[in-house]
Amino acid sequence: MFTLWALVEAGLLCLNAVCILHEQRFLAKFGWGASSAQIQGFGEAPTIKTQVLNLVRAIRTVAKVPLIIINLLAIFFKLLLG
């Protein structure tokens, strides 16, 4: 059944997946590691690959503590409501 809770839970699982990705172990195998990001000059638009890598790093940095709290709440609600 597709509900709002299922959508929130899917988003939470995707954020968890992004936060546990390890650049050297997983992403570097596919050419998406830190060493593969090209350095742009001033005024050059960053590539999509660089933007995605920066987004992954930003999510990992900013969402770590709130994600722990949200995971605990989700577990509590799952235990409480089934």
Single-linkage hydrophobic cluster L55~V18, side-chain heavy atoms < 4.5 angstrom: yes
With rounding to the nearest 0.5 angstrom, report the [atom1] to [atom2] distance, [X] to [Y].
{"X": "L21", "Y": "R60", "atom1": "CG", "atom2": "CZ", "value": "6.5 Å"}
{"X": "L7", "Y": "L12", "atom1": "CG", "atom2": "CG", "value": "11.5 Å"}
{"X": "N54", "Y": "I59", "atom1": "CG", "atom2": "CD1", "value": "11.0 Å"}

Salt bridge (Lys or Arg N to Asp or Glu O under 4.0 Å): pairs with one or both residues in residues 5-14, sequence neighbours excluded: E9-K78
Any side-chain heavy-atom pair of T50 and T47 under 4.5 Å: yes
Atom CG of L80: over 12 foreign heavy atoms under 6.0 Å: yes
Side-chain polar contacts of residues 68-76 - donor-acceptor pairs under 3.5 angstrom, sequence neighbours left out - could you list them?
residue : atom : partner : partner atom : Å
N71     : OD1  : N16     : ND2          : 3.1
N71     : ND2  : N16     : OD1          : 3.0
N71     : ND2  : L67     : O            : 3.0

